[in-house]
Amino acid sequence: MKKIVSFFMSIIISYIAATCLSALVVFAVEDSNASNYDFVLSVDLEELSILHSINEIKLDDLTLVPPKEADLKELAKHYKNVEIRYYLYTNDKDMSDEEAFAELIKYNSDNNVSFIIKDNNQNTVGEIILSCLKNKLINIAYWIKPEFRGHSYASKACVALIKEIHKKDTSFVFLINFDEKNYNSNRVLEKISSGLTLKNISENSDNFKENNYKIENMGSIKLKYKISKVADDKFNFCVFVNENEIADGVLTRKQIEEITYKKIFELNELEINKLNYFIKLDS
């Protein structure tokens, strides 16, 4: 079942990334060695080496660090909550602590790297997830524990991470995409844009490429999932991107629940509109 799900997710990612418009947040293939917790980067890419070289980014009110097992176990207690990961994980299946922890492990395998966000009291408040897509194009995703929201931690962390990576290599391009109904992410993008494009006159500013950032609105991508019952617990499942069918197959209810939201079984059709933005240094 996991192989079927991974196949559908892989072709969706390939289709969107190939158009240089978007990619679903993170759909890492299940790592059979995830229980080792060693966070080894399994793909020898230059991009991953650069991301892996970042050991700490310290700001006035938060710090970004690579994950430790204890951090991910703490985050897993919250990540299993459907309301918290609704937009990030793109399904609403139930998860145990162990399953949530396994998903967070996958955000540090294959082409994915994550950073833990901590406040000044060393509380683990959230996570930034980077996925290397192709040709130094990196997808950014993030989530913050509910009790720590309202402090602009996500936008501050994204701005700091983008600048730090560009200090190492200015050719990186970052992709942020989110469901158009996710109003909180719209607000985060506004703050990221301000943090990257407004002149920083602070005495502590490093003045790195100030005002040279460009945020491009790449439009929206419409994902559509359609099902039709063919037998007991068997459904024909079709995936469309901008009305173009890119995949179809017969799946069980459980398999479909791995890919999308349960309400598809009431509606037989589900559309998700993803807004897409590129962030890069303006040459």
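Scanning all heavy atoms of the two residues, the minimum distance from Ser114 to Pro67 falls at O-CD, 3.2 Å. In terms of heavy atoms, Leu51 sits closest to Phe115 at O-CZ, 3.6 Å.
Checked by atom type and distance alone, the side chain of Ser185 never pairs as donor or acceptor with a backbone atom of Asn182 at under 3.5 Å. For the pair Asn273 (side chain) and Glu180 (backbone), a donor-acceptor distance under 3.5 Å is absent. Between the side chain of His166 and the main chain of Phe172, a donor-acceptor pair closer than 3.5 Å is present. When atom types are taken as modelled, the side chain of Asn81 and the backbone of His78 share no donor-acceptor pair closer than 3.5 angstrom. Proximity of a side-chain donor or acceptor of Asn123 to a complementary backbone N or O of Val125 within less than 3.5 Å is not detected. Listed for the Asp92 side chain is a donor-acceptor partner under 3.5 Å among the backbone atoms of Lys262. Using a distance-only test at 3.5 Å, with no hydrogens or angles considered, a donor-acceptor pair links the side chain of Asn276 to the main chain of Lys274. Under a 3.5 Å cut-off, the side chain of Ser193 and the backbone N or O of Glu190 do not form any donor-acceptor pair. In terms of modelled atom types and a separation under 3.5 Å, the side chain of Gln255 and the main chain of Thr252 share a donor-acceptor contact. Distance alone, capped at 3.5 Å, places no donor-acceptor pair between the Asn212 side chain and the Asp282 backbone.
Tyr86 pairs by the ring-ring contact (aromatic ring centres under 6.0 Å, His included) definition with Tyr261, not counting sequence neighbours.
Inspection of the Lys191 and Ser152 side chains reveals an N or O donor paired with an N or O acceptor under 3.5 Å.
Distance check: Thr170 OG1 to Lys136 NZ gives 8.0 Å after rounding to the nearest 0.5 Å. Atoms CG and CG, from Asp61 and Leu59 in turn, are 7.0 Å apart once rounded to the nearest 0.5 Å. Atom OH in Tyr277 sits 11.5 Å away from atom CG in Leu175 (nearest 0.5 Å). In this structure, Ile117 CD1 and Ile128 CD1 are separated by 4.0 Å, a value rounded to the nearest 0.5 Å. Remark: Leu130 CG to Asn111 CG distance equals 12.0 Å, nearest 0.5 Å. One finds the CD1 atom of Ile264 at 8.5 Å from the CD atom of Glu269 (value rounded to the nearest 0.5 Å).
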For residues 226-237, tabulate all N or O donor-acceptor pairs below 3.5 Å that involve a side-chain atom, not counting sequence neighbours.
unit_1: Asp233; atom_1: OD1; unit_2: Arg253; atom_2: N; d: 3.3

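For the pair Leu270 and Lys263, the minimum side-chain heavy-atom distance is below 4.5 Å. Residues Tyr79 and Leu104 form a side-chain contact, since some pair of their non-hydrogen atoms from C-beta on lies under 4.5 Å apart.
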Inset, instruction - Starting from the C-alpha separation in whole Å, work towards a yes-or-no answer on side chain to side chain donor-acceptor pair (under 3.5 Å) for Asn177 and Asn139. - result: CA-CA 8 Å; Asn177 68 63; Asn139 184 84; 3.1 Å; yes

Inset, instruction - Could you walk me through whether Thr124 and Glu74 pass side chain to side chain donor-acceptor pair (under 3.5 Å), step by step? - result: CA-CA 8 Å; Thr124 300; Glu74 168 61 25; over 6 Å; no

Inset, instruction - For the pair Asn91 and Thr260, evaluate side chain to side chain donor-acceptor pair (under 3.5 Å) and give the outcome as yes or no after the intermediate values. - result: CA-CA 5 Å; Asn91 73 32; Thr260 188; over 6 Å; no

Inset, instruction - Go through the steps for Glu69 and Lys73 under the test salt bridge (charged side-chain N to carboxylate O under 4.0 Å, His left out), then give the verdict. - result: CA-CA 6 Å; Glu69 182 180 339; Lys73 285 188 173 180; 3.0 Å; yes

Legend entry - Glu103/Arg85 under salt bridge (charged side-chain N to carboxylate O under 4.0 Å, His left out): CA gap, chis, key distance, verdict: CA-CA 11 Å; Glu103 293 303 325; Arg85 58 178 168 79; over 6 Å; no

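A side chain to side chain contact (heavy atoms under 4.5 Å, CB included) with Asp179 is found for exactly one of Ile272, Leu88, Leu223, namely Ile272.
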